[in-house]
Amino acid sequence: MASSPARIFAELNAVRPPDQARPVMGTAVVVGGSVAGLLAARVLSDFAESVVIIDRDDLHATGARPGVPQGTQLHALLPGGFLQLEQLFPGFRDEAVERGAIEAPPASRRNYLDGRMKVVVPDDADSLAGTRPFLEGLIRRRVLRLPNVKTVAARATGLVFDAAAATGVQVDVDGVPGVEHADLVVDAMGRASRLSDWLAQAGWERPATRRMTVNLNYATAMFRRREANPEPALVLALHSPRVSSDVAGAAYFAVEGDRWMAMMAGYGDNRPGRTAEDFVRRMREQFPPEFGAVAGNELLGDVQTYHHADSRRRDFRALTRFPARLVSVGDAVASFNPVYGQGITAATLHAACLSTYLRSKPDLSEPAREFLALQEVVVDAAWSTSTSADLALPHVDGPYPRAYRLRSWVSGQIVAATVTDVAVARRFNKVVSMREHPNSLVTPGVILGALRANRRAR
């Protein structure tokens with residue numbers, strides 16, 4: 001394994017599927033057809049003779065899934081996730097664009113901080129814009145086409161253990177109990193994962209859970225889009241707490257179906273945009289002119305709202321006893337403040353961790369410690385990026401890391417410099433899009449560059 005988190009992160013970003021499938025197990029069972037579960041199944045298809053995905057929803061159905069309550073909200077596919085999906089599914093970009101997704105190169109993206117437009121990084125990676133059901137549907141179709149992947153419409157009710165290993169998943173199919181036997185079980189049950197309870201019930205340790213309360217309130221609306229190739233196609237406007245106390249920011253993307261998808265967010269008791277009238281008024285009055293132009297189009301349907309109470313992570317690596325043949329991925333391990341758009345991209349990197357682990361031909365009769373170590377690098381990176389920003393919010397009261405005041409001051413200098421300095425913005429964009437580890441952002445060169453840029457701006 002590479003020595004530093006930054007190097008591990010770089011290697012995970014470069015992981016590609018093996019040229020030739022080399023099965024190391026018979027059957028792998030994935031519990032949960034989430035994006036993380038689908039990506040895990042894609043990786044497992046290279047290393048298992050058969051892959052079974054268990055989910056209560058019919059994964060062959062189209063449209064939004066009932067099991068994804070946040071599916072109606074705006075989702076960002078960060079450049080890091082876009083690049084990972086293209087590696088897992090060659091031709092993903094072309095298929096997405098052909099079906100209506102909007103590709104957003106750097107020149108067609110605008111990013112505002114407190115009303116000031118940030119510099120464009122011309123050599124930045126492209127983004128891809130689409131609704132959650134659309135993007136998830138593309139991934140699902142690709143995965144379910146694989147000849148060794150099948151689905152089981154059932155409710156997972158527990159795990160089967162044999163001595164020190166998980167050997168199967170207990171299921172309930174329309175009231176009829178059964179077992180799906182497995183050589184490897186992957187928990188992809190999301191934030192509400194029941195794996196901790198199942199472990200405790202079977203006499204194993206329960207992983208500690210860390211939480212940071214953020215109380216984020218989302219509102220998302222759809223508007224008619226007339227431009228086939230809009231410029232800009234993606235606009236983000238963030239407000240720091242010193243500028244706005246009731247609305248944290250807004251964004252809009254051009255998405256499939258000739259629509260604009262617009263989002264507004266607030267914290268605590270602030271719920272901006274809950275009604276159509278309030279949504280349109282704020283778009284016109286509290287954000288740059290592009291937002292008002294989008295809000296002048298026909299509103300399609302009702303405003304959809306969503307509440308996100310907290311960011312959380314389960315620390316599986318800290319367990320002294322953990323079953324073999326069992327891993328957890330995606331939001332089942334860590335879920336973050338969704339305003340930063342890390343969820344799907346983090347799931348692609350969890351899949352890269354799984355691919356790297358299985359490529360090493362591990363002894364599956366031992367706990368997957370190597371996988372957990374790789375995954376911790378990804379979780380730490382996303383957690384540090386999102387929670388360091390959340391700690392600046394007035395209603396968040398910790399826990400604060402060591403040297404928080406100094407870290408916060410340095411972070412503020414770097415963020416401020418992204419408005420005017422291309423070099424600092426380039427490195428910042430690579431970190432927030434999860435193409436580089438956060439450690440690469442707090443180097444002497446970047447910090448000095450940020451200080452010089454802010455001095456010039458003043």
State the [atom1]-[atom2] distance between [X] and [Y], to the nearest 0.5 angstrom.
{"X": "Arg271", "Y": "Asp246", "atom1": "CZ", "atom2": "CG", "answer": "13.5 Å"}
{"X": "Arg427", "Y": "Thr443", "atom1": "CZ", "atom2": "OG1", "answer": "6.0 Å"}
{"X": "Phe9", "Y": "Leu374", "atom1": "CZ", "atom2": "CG", "answer": "12.0 Å"}
{"X": "Phe253", "Y": "Thr220", "atom1": "CZ", "atom2": "OG1", "answer": "10.0 Å"}

>> Any heavy-atom pair between the side chains of His239 and Val247 that's under 4.5 Å?
In response: yes

>> Taking the side chain as everything from C-beta on, heavy atoms only, tell me whether Leu83 gets closer than 4.5 Å to Leu85.
In response: no

Answer yes or no: is there a donor N or O on one side and an acceptor on the other, between the side chain of [X] and the main chain of [Y], under 3.5 Å?
{"X": "Arg274", "Y": "Thr305", "value": "no"}
{"X": "Gln87", "Y": "Val15", "value": "yes"}
{"X": "Gln375", "Y": "Ser328", "value": "yes"}

[Y]/[X] salt bridge by N-O under 4.0 Å criterion:
{"X": "Asp114", "Y": "Arg116", "value": "no"}
{"X": "Asp124", "Y": "Lys430", "value": "no"}
{"X": "Arg110", "Y": "Glu290", "value": "yes"}
{"X": "Glu95", "Y": "Arg145", "value": "yes"}
{"X": "Arg259", "Y": "Glu256", "value": "yes"}
{"X": "Glu11", "Y": "Arg7", "value": "no"}
{"X": "Asp278", "Y": "Arg282", "value": "yes"}
{"X": "Glu86", "Y": "Arg93", "value": "no"}
{"X": "Arg456", "Y": "Asp421", "value": "yes"}

Closest approach of [X] and [Y], non-hydrogen atoms and distance?
{"X": "Cys353", "Y": "Leu12", "result": "SG-CD1, 3.7 Å"}
{"X": "Val431", "Y": "Pro438", "result": "CG1-CA, 3.7 Å"}
{"X": "Ser127", "Y": "Leu234", "result": "CB-CD1, 4.4 Å"}
{"X": "Ala107", "Y": "Glu231", "result": "O-OE1, 3.8 Å"}
{"X": "Phe92", "Y": "Arg142", "result": "N-NH2, 3.5 Å"}
{"X": "Gly190", "Y": "Arg314", "result": "O-NH1, 4.0 Å"}

> Among Arg191, Arg312, His308, Arg313, which one satisfies side-chain hydrogen bond (donor to acceptor under 3.5 Å, both in side chains) with Ser335?
Replying inline: Arg191

> Side chains of Asn148 and Glu49: is there a donor and an acceptor less than 3.5 Å apart?
Replying inline: no

